[in-house]
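Worksheet for the structure shown next.
Computed over heavy atoms, backbone and side chain alike; hydrogens, waters and symmetry mates excluded.
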Amino acid sequence: MSSTHSSNGLEQGLKPRHVTMLSIAGVIGAGLFVGSGHAIAAAGPAVLLAYAAAGTLVVLVMRMLAEMAIASPDTGSFSTYADQAIGHWAGFTIGWLYWWFWVLVIPLEANAAATILHAWFPDVAIWAFTLVITLLLTVTNLFSVKNYGEFEFWFALIKVVAIIGFIILGVLAIFGFLPNSQVSGVSHLFDTQGFLPNGMGAVLAAMLTTMFSFMGTEIVTIAAAESKDPGKQISKATNSVIWRIGLFYLVSIFIVVALVPWNDSGLAQVGSYQTVLDRMGIPNAKLIVDLVVLVAVTSCLNSALYTASRMLFSLGNRGDAPAVAKITNNSGTPYWAVILSTAAAFLAVFANYVAPAAVFEFLLASSGAIALLVYLVIAVSQLRMRQKRMAVGEKIDYKMWLFPGLTYAVIVFIVGVLAIMLVQEAHRVEILATGLLSVLVVAAGLIVARRRKIERRRAVVLT
C-alpha cells in the first residue's frame, strides 16, 4: 500500500497512537528521574511550586502554539509562524536556534546513555557506546518517519508505565501498605524546617532548572504535520497537557518530597527516584532506575535527531538553509537534513575532545536560554496572528484563553525570567552566550534576506 505524502513532500506516516504516546511522554526526560533531585535539594518541598509555575507556563505556551498549528499545521511549527507573524528574521533566527538546541542534545543524551552502559560493560569505552547509539538511531531515522514513531511509541510506553508504577508504590508507602518500606506518611512536607526552608528565592532558582525539563512538549506540533489528521492530533495533545504535567511531574515529585526529607544527601547524589525506591525497600532500585533512565535518554536522543532534522528541512524549504536539506527520499524522509544534523552533533563532540573545555562549555551555555526564547516567540507570534485573523473576520476554531490578557501576561513573565537570569551569577553566562549566538544568527538572517532581494532584482532586470 502506498504511503501518503503531505504537500511539502514529507510522508504522513505517523499513526494516531504514535502521536498520542509522543504527546504523553515526549516531555519525560532524564531531567525528571535524575535532575529533579537537585531542584528538591535546592528548594525543599516548595519545589512543587516551581514545577507548578513552570508547568503552567508550558500549558499556556502550548495552547498558544496549538491555536496557530491547528489553523496551519507545518513541520516548521513556531519558526514558520514567527516568519509569518513577526518577520523573516524572527523565523530564521528561532528556527536555527531551535535546531542548534537539539543538535547539542544529541551528544549529551548519547553520552548519558553510554555512561550507563559503560557501568554495565566496563570493557567497552564510553565513546564507542556513544558512537554506536547515535549511528543506530540515525539509521532508523533515515528510512521512514514510521521508524521514529514506532521507537518513540515503545520508549514512551516504558516511561509512562515506570512513572505510574512509581506513583502506585508511592501511594501504598504513604498509606503504610508497603511491607518492607522504611518510609510512610507525608510528614516530610513540613517537618524539616517547614515547606519553604530556603525561601522564595530558592523556589525561583529551582523554577529556572525545572523549566528546561519541559522542553520538548512542542515537538508534537512538528510531528503532527507527518500524521493523517494533524489538526485533530494537535488538539488532543494540547488538551491533555494539563493532566500529563499534573500526573507525571507534580504527583510523582509530591511523592518524593512527602516520603524523603528534602535535605537527604541521596536526592542530589543518586537521584530522587532511586532514593525513594531504596527507602521503600524495593529490590534492585538502582538497576530499575538505570534502565528507565537509559530508555528516557535514548528516547530524548531519538526525538532530538527527529526534531533537528525536521526544523532543518523546514528552513531548507523556506530557502533559509542549504537546498539539500529539503530533499526527501521515496519514503518522504528528509535524509540530508538527518545526516547534516547528526554531522553537526559529531562536530560538537569533536570540539569537546580537541578544543579547550571553555569552548564546549560556551557551546552548552549558548543553548541555555533558547527554551525561553522559543516560548517568547510563540507568545508574540500568537498575539500578532490572532490580531491579523480577527481583523479579517476569520473563524478561529481553537483559541488561547482570555486573549489578549493571558498572552501579554506570558510575555511579561518570560521577559521577567530572562531579566532575573541575567542578574543571577549562576545563569548570567547562559543569557550572554545565548544572546551572542542570537545576534550572530540574526545577522546571518539579514545577510540571507539581503542576498535574496539582490537576486530578485536581478531576475526582474533579466526578464
Which value, rounded to the nearest 0.5 Å, describes the distance between [X] atom [atom1] and [Y] atom [atom2]?
X      : Y      : atom1 : atom2 : result
Phe166 : Ser252 : CZ    : OG    : 6.5 Å
Met421 : Thr434 : CE    : OG1   : 7.0 Å
Met215 : Trp102 : CE    : CH2   : 6.5 Å
Ile339 : Ser309 : CD1   : OG    : 10.5 Å
Leu301 : Leu137 : CG    : CG    : 5.0 Å

For [X] and [Y], work out which heavy atoms get closest and say how close.
X      : Y      : answer
Thr192 : His188 : OG1-ND1, 4.3 Å
Ala449 : His88  : CB-ND1, 4.1 Å
Trp262 : Leu267 : O-CD1, 3.3 Å

Test your reading of the model: is there a side-chain donor-acceptor pair from [X] to the backbone of [Y], 3.5 Å cut-off?
X      : Y      : result
Thr93  : Trp89  : yes
Ser227 : Ala224 : yes
Glu67  : Met400 : yes
Ser314 : Met311 : no
Asn198 : Ala43  : no

Original post:
Where does the angle between the aromatic ring planes of Tyr249 and Phe214 fall among parallel (under 30°), tilted (30 to 60°) and perpendicular (over 60°)?
Top reply: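 Judged by the thresholds at 30° and 60°, the geometry between Tyr249 and Phe214 is tilted.
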Short side-chain donor-acceptor distance under 3.5 Å, [Y] and [X]:
X      : Y      : result
Asn141 : Asn302 : yes
Glu109 : Thr298 : no
Thr221 : Ser77  : yes
Ser341 : Trp99  : yes
Lys159 : Ser299 : yes
Tyr98  : Glu218 : yes
His18  : Glu152 : no

Subject >> Salt bridge present between Lys286 and Asp278 (N-O < 4.0 angstrom) >> reply: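 The answer is no: the pair does not qualify as a salt bridge.
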Original post:
Going by an N to O cut-off under 4.0 Å, is there a salt bridge joining Glu394 and Arg386?
Top reply: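 Looking at Arg386 together with Glu394, the answer is no, because their closest N to O distance does not fall below 4.0 Å.
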**OP:** Inspect the surroundings of CH2 in Trp401 and state if more than 12 heavy atoms from other residues, nucleotides or ligands are less than 6.0 Å away.
**Re:**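 Buried by this count: over 12 neighbours within 6.0 Å.
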Original post:
Within 45° of the six-membered ring axis of Phe313 and under 6.0 Å from that ring's centre, is NZ or CZ of Arg318 located there?
Top reply: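 Here Arg318 fails the 6.0 Å and 45° test against Phe313.
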